[in-house]
Amino acid sequence: MALTITEQNGTYLVKGIIDTVTVKQFKNHLEFLLLYTKALTINIDGIQAIDVNGMNVLRDLNIKAQVYNKEFSVIGYGCKEIYDDFQYNIAA
């Protein structure tokens with residue numbers, strides 16, 4: 001399934017599967033948004049699956065947001081697991 005990213009009221013809705021096929025598009029698009037917006041909020045309700053490559057991109061975006069002093073938020077079903085993963089990697 002193709003990955004789509006659309007904007008709705010300042011939140012970016014991500015739909016599809018984030019895997020080795022779609023991760024480059026996902027990374028490039030979100031890095032661009034992070035650079036050119038004050039804050040980046042992505043809603044992952046439409047994500048059917050995310051592999052380790054997708055999680056690595058989310059971790060990298062979280063770190064870049066901190067370096068650029070920008071807000072980065074992940075909302076939607078499954079965001080608790082992503083938040084926990086961020087916290088675990090910071091502590092490690």
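For the atom pair CD1 of I75 and OH of Y12, the computed distance is 13.0 Å after rounding to the nearest 0.5 Å. Between atom OG1 of residue T22 and atom CD1 of residue I5 there is a gap of 9.0 Å, rounded to the nearest 0.5 Å. Taking CD of Q8 as the start and OG1 of T41 as the end, the distance is 13.0 Å to the nearest 0.5 Å. Within the model, atoms CD1 of I42 and CD of E7 stand 14.0 Å from one another, a figure rounded to the nearest 0.5 Å.
Each of L13 and I50 belongs to its own hydrophobic cluster when Ile, Leu, Val, Met, Phe, Trp and Tyr are linked at side-chain heavy-atom distances under 4.5 angstrom. Hydrophobic clustering of Ile, Leu, Val, Met, Phe, Trp and Tyr side chains at less than 4.5 Å, counting indirect connections, keeps V21 apart from I44. Linking Ile, Leu, Val, Met, Phe, Trp and Tyr residues whenever their side-chain heavy atoms come within less than 4.5 Å places L61 and V67 in a single cluster.
Using a distance-only test at 3.5 Å, with no hydrogens or angles considered, a donor-acceptor pair links the side chain of D51 to the main chain of T20. K70 places no side-chain N or O within donor-acceptor distance of the main-chain N or O of L40, the cut-off being under 3.5 Å.
Nearest heavy-atom pair across F72 and A65 is CB-CB, 3.5 Å. Across all non-hydrogen atoms, the minimal contact from T37 to L33 is OG1-O, 2.5 Å. Minimum heavy-atom separation, I17 to L3: O-CD1, 4.0 Å.
Side-chain contact between I18 and L58 is absent, with no heavy-atom pair separated by less than 4.5 Å.
Atom NZ of K27 sits in a sparse spot, with 12 or fewer heavy atoms from other residues, nucleotides or ligands closer than 6.0 Å.
Side-chain contact annotation: N62 with R59, donor-acceptor N/O pair under 3.5 Å absent.
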